[in-house]
Amino acid sequence: MLNELKNEWKKTIEAELRSYLGTDEIPELSIGVPPKSDMGDAAFPMFPYAKSAGKAPALIAKDIMEALSGKDHPEGEMLVAGPYLNIRFDIPSLSGKILEEAEKGGDLYGHVSDLSGKKIMVEFSCPNTNKPLHLGHMRNDSLGESVSHLLKAAGAEVMKVNLINNRGVHICKSMLAYKLFGNGETPESTGEKGDHFVGRYYVRFANWEKEAEEAKKANPDIINDPSFIDPDTEAQKMLRLWEAGDKETRELWQKMNDWTLSGLAESYKNMGISFDRLYYESETYKLGRSEVMKGLEMGVFKKEEDGSVQVDLSPIGLDKKVLLRRDGTTLYMTQDLGTAVKRHEDWPFDSLIYVVASEQNYHFKVLFYVLSLLGYDWAKELHHLSYGMVNLPEGKMKSREGTVVDADDLLEELTVLAKNEIEAKGREEAVGDVSETARKIALGALNYYLLQVQPQHDMVFDPKKSISFNGNTGPYLQYTCARISSILRKYEEAKDEYDGAESNCSLLVNDDEKLLLKSIESFPETVRKAALNYDPSIIASCLYDNAKTFSHYYHDNQILKAETKELSVTRIRLIRALRTVMKNGFELIGVPYLESM
RNA sequence: GAUCCUGUAGCUCAGCUGGAUAGAGCGUCCGCCUCCUAAGCGGAAGGUCAGCAGUUCAAAUCUGCUCAGGAUCACCA
């Protein structure tokens, strides 16, 4: 609505400028926003026309305003602010329409149709089955889930997929450690969550490996000692057994995978993450071979003298890449090739988005190129949503140094903190289910924290300070929304008192009310921008601005006991529309909505 | 060495399709609960937007170079 108006103004002013300057060739007029709301709602700078007019920008602004004021022009009031020609819209007269849109839209307000008819697959998470999730995975999961919601809100049909990395030598490592040191214990017998149980054996292997290294360093001859077992050699041996389908190895593998996966499923559930389809690397890792063979026949790949198959990447400024080992076995790249092709067969998508850390930029650049060499025209619709690392104040998280922030632990700690807050404020009764509310606050805090940073940027997480419930945080947004809900509840309870009072949008005249109206009006535009850029941080900052404005508004103005009943009823409409925007926005960034907190 | 990413307040981050006085939160200091939830609100202090040069009427924003940090460049995944 406001955008259309701005564009109409732009065209009108440009037309006037053409006749003013006596030429059709004028620089495009840019649309800005004045720094303060009392300066108007749209700003058109006149600088670019100063030279050809031979006049100061301020004078041009004045002339154009005078010229236009006698003519037909779009809705709004012109004012000159130095070198700018500003337009002030009559927000109160538009506010009825704005609120109606939001009321009509309801839970779907903010949804747009830019991507309607598009089928988009989003791949994210992709855990290993040898350890639990950590903070880095959480950023991936939050992003993947949020982007999926954004794409749906933009009209797309979305398929969320996960690729479980359940094979390879790293998986064998935890299996081997369990086999040697496990003594038959199980998650049930120790009372551990399955993924943590298996993860403990993965760590056990790493320690064993370290001990063996030291033993070898102390006594190089030890490798000839028949009683010495080299961990890495042993793990490789196990991998070969696995690939050969050895019954005992496969059974152990199956058992440990199940343990991990049931643990991961619980974590996903707690984090509000879900998938429409799971792919398992054990089922996909061989899929790429026939694609590579096809490429060989097509002549786009080359068989080297040593028997390996390689692709020449010089057209995209890179070196060479092996696609099939000389022994004919497959690689990560081979697997991803096959998986992509299979996915397109399973569900012919218009676009596939890989949510994977920026460390793998090279891999995806090559993958997309190779798929295009194979003649898949959908290869150009593949996107790598590359996101930055989550670092600690002292640098990278390192499992060896035990600095990895475990996902379950973090969520649990936050839940306890939230619970303490609820109790400290004496809100147990108001909140109802304390544990459930605490859990939702924790989740809101975490998702908001992870999503407020632009995906591409690395971020720093300080376990001691980072997650707070005050200020620019998820709980602040939840709190603001809960206050709105509280007012709306009270209004419903005392509705009789407002009988006969009609809402009158022309009463919404103060600055905060105008800001909120503008934000409500532009919410669909905000969603569109976030969806098309795969960037949830745009939603996060919009919601934060709203919460901030509302808090200020709330502090200075009575809603239920405004000067007149009419005004109260109108403000109720405003904050109800605001809650719609907040709630719908929450949905997009994984912040649970709370009726009360 | 090559390629890519990043550098904005003490810390964590916005702002970047060039436009008016560079914004938040945390932390520090000072105020505000007879009032719809103080997980709140207001105020103060805090900046050479890494540096240099260029393009432009106008540069945190675009270009180049320099410096600093990170990632990648495996017949690992």
Side-chain angles (χ1 to χ4, degrees), chain A residues 30 32-36 39 43-51 56-57 81-84 86 126 128 165 167-171 281 285 304 306-310 317-319 321-327 329-336 357-363 365 386 388-389 391 393 395-396 418 421-422 424-425 427 430 441 445 449 452-454 456-462 465-466 468-480 482-491 537-538 540-541 544-545 547-548 551-552 554-562 568 575 596-597:
Chain A
S30 57
V33 179
K36 282 188 179 162
M39 297 164 88
F44 297 98
M46 292 296 130
F47 303 102
Y49 314 102
K51 203 176 258 177
Y84 294 85
N86 290 358
C126 305
N128 288 323
N165 292 306
R167 64 161 289 279
V169 72
H170 54 301
I171 303 297
E281 205 196 311
Y285 79 106
E304 300 293 314
D306 63 10
S308 66
V309 178
Q310 309 203 3
L318 300 171
D319 200 8
K321 180 81 190 171
V322 175
L323 297 176
L324 218 47
R325 290 192 187 96
R326 81 189 107 195
D327 63 5
T329 57
T330 62
L331 292 106
Y332 176 42
M333 184 64 71
T334 331
Q335 179 252 112
D336 248 6
S358 57
E359 304 171 305
Q360 297 199 29
N361 287 353
Y362 170 84
H363 172 77
K365 201 173 170 185
S386 162
M389 325 235 323
N391 293 318
K396 280 183 86 159
E421 283 286 305
I422 293 169
K425 292 173 200 303
R427 299 287 301 167
I441 291 170
Y449 185 83
Q452 65 172 327
V453 178
Q454 276 190 13
Q456 185 191 45
H457 289 20
D458 286 355
M459 63 192 289
V460 175
F461 179 85
D462 185 337
K465 302 192 292 195
S466 283
S468 130
F469 297 158
N470 303 320
N472 187 0
T473 65
Y476 170 59
L477 301 189
Q478 291 171 311
Y479 174 72
T480 307
R483 290 215 288 201
I484 298 173
S485 294
S486 169
I487 297 169
L488 293 174
R489 265 198 312 277
K490 292 205 159 90
Y491 170 76
S537 75
I538 293 172
S541 79
Y544 176 68
D545 288 343
K548 191 89 178 118
S551 294
H552 181 255
Y554 170 90
H555 187 262
D556 292 355
N557 300 278
Q558 287 282 314
I559 292 164
L560 291 172
K561 290 178 201 150
S568 284
I575 68 166
S596 186
M597 71 184 273

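These values consider heavy atoms only, across backbone and side chains, with no hydrogens, waters or symmetry-generated copies.
In this structure, S486(A) reaches the bases: a heavy-atom distance under 4.0 Å links it to at least one base atom across the strands shown. No engagement by T480(A) is indicated, since no non-hydrogen atom pair under 4.0 Å with the nucleic acid exists. Within 4.0 Å of A418(A), counting heavy atoms only, lies no atom of the nucleic acid at all. Residue F469(A) is classed as a base contact, given a heavy-atom separation below 4.0 Å to a base. S537(A) comes within 4.0 angstrom of no nucleic acid atom, judged by non-hydrogen atoms across all strands. As judged by a 4.0 angstrom heavy-atom cut-off over every strand, Y332(A) is placed among the base-contacting residues. If you check every strand for non-hydrogen atoms under 4.0 Å, P393(A) touches nothing. Among the protein residues, M39(A) comes within range of the nucleic acid bases, having at least one heavy atom under 4.0 Å from a base atom. Among the heavy atoms of the strands lying under 4.0 Å from K548(A) are primed sugar atoms or P, OP1, OP2 only; no base atom is included. Using a 4.0 Å heavy-atom cutoff across all strands shown, P34(A) reaches at least one base atom of the nucleic acid. Looking at heavy-atom distances under 4.0 Å, Q478(A) makes no contact with the nucleic acid at all. Among the heavy atoms of the strands lying under 4.0 Å from Q558(A) is at least one base atom, whether or not backbone atoms are also near. Residue-level contact check: I441(A) touches the bases, meaning some heavy atom is under 4.0 Å from a base atom. Within the nucleic acid shown, A430(A) has no heavy atom closer than 4.0 Å to any nucleic acid atom.
One atom, CG of N128(A), and another, C1' of C76(B), lie 12 Å apart when rounded to the nearest Å. For F461(A) and G70(B), the CZ to P distance is 21 Å, given to the nearest whole Å. We find that OH of Y285(A) is positioned 15 Å from P of C76(B), with the value rounded to whole Å. H170(A) places its NE2 atom 9 Å from the C1' atom of C76(B), with the value rounded to the nearest Å. If you take OH of Y449(A) and P of C11(B), they are 14 Å apart, rounded to a whole angstrom. For L477(A) and A14(B), the CG to P distance is 16 Å, given to the nearest whole Å. Distance CG (D545(A)) to P (G23(B)): 14 Å, rounded to an integer number of Å. Straight-line distance from the NE2 atom of H552(A) to the P atom of A38(B): 15 Å, rounded to whole Å.
Between the side chains of D336(A) and H363(A), at least one donor-acceptor pair of N or O atoms lies under 3.5 Å.
OP1 or OP2 of C57(B) lies within a sub-4.0 Å distance of a side-chain N or O belonging to K51(A). For the pair K561(A) and C36(B), the criterion of a side-chain N or O lying under 4.0 Å from OP1 or OP2 is not met. Listed pair Q452(A) / U12(B) fails the phosphate criterion, with no side-chain N or O lying under 4.0 Å from OP1 or OP2. For the pair Q456(A) and U6(B), the criterion of a side-chain N or O lying under 4.0 Å from OP1 or OP2 is met. Applying the 4.0 Å criterion to OP1 and OP2 of A38(B), one finds that R483(A) has a side-chain N or O inside that range. Side-chain nitrogen and oxygen atoms of S358(A) include none within less than 4.0 Å of the OP1 or OP2 phosphate oxygen of A71(B). An OP1 or OP2 oxygen of C26(B) is reached within less than 4.0 angstrom by no side-chain nitrogen or oxygen of N472(A). For U72(B), neither phosphate oxygen OP1 nor OP2 lies less than 4.0 angstrom from any side-chain nitrogen or oxygen of K365(A). Between Y84(A) and C57(B) there is no side-chain N or O to OP1 or OP2 distance below 4.0 Å.
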Between Q335(A) and T330(A), is a side chain to side chain contact (heavy atoms under 4.5 Å, CB included) present by the stated rule, with each step listed? CA-CA 7 Å; Q335(A) 179 252 112; T330(A) 62; 5.5 Å; no
Decide yes or no on side chain to side chain contact (heavy atoms under 4.5 Å, CB included) for Q478(A) and F469(A), but give the supporting numbers first. CA-CA 10 Å; Q478(A) 291 171 311; F469(A) 297 158; over 6 Å; no
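C11(B) has its base anti relative to the sugar, with a glycosidic angle deviating from 0 by more than 90°.
Formation of a donor-acceptor pair under 3.5 Å by the S386(A) side chain with backbone atoms of A357(A) is not found in this model.
The aromatic rings of Y449(A) and F461(A) sit perpendicular, their planes meeting at an angle over 60°, well past the 30° parallel limit.
Here the side chains of Y362(A) and L318(A) are in contact, with some heavy-atom distance below 4.5 Å. Counting only heavy atoms from C-beta outward, the side chains of V309(A) and V322(A) never approach each other to under 4.5 Å.
Stacking here means ring centres nearer than 5.5 Å and ring planes tilted less than 30 degrees, and by that measure Y554(A) does not stack onto G40(B). Where stacking is scored as ring centres under 5.5 Å apart with planes under 30°, F47(A) registers as stacked on the base of G19(B).
The base of A20(B) sits with one of its N or O atoms less than 3.5 Å from a complementary donor or acceptor on the side chain of N86(A).
To the nearest 0.5 angstrom, R483(A) atom CZ is 5.0 Å from S551(A) atom OG.
Taking atom C1' in both A59(B) and C16(B), one finds a spacing of 10 Å when rounded to whole Å.
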Under the 3.5 Å Watson-Crick or G-U criterion, the dot-bracket string of RNA chain B, with | for inter-strand pairs: (((((((..((((.....[...)))).(((((.......))))).....(((((..]....))))))))))))....
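In this structure, I422(A) and L560(A) both approach RNA chain B, and ranking their closest nucleotides by distance from the 5' end singles out L560(A). Each of S308(A) and H457(A) lies near RNA chain B, and the nucleotide nearest H457(A) is the one positioned closer to the 5' end.
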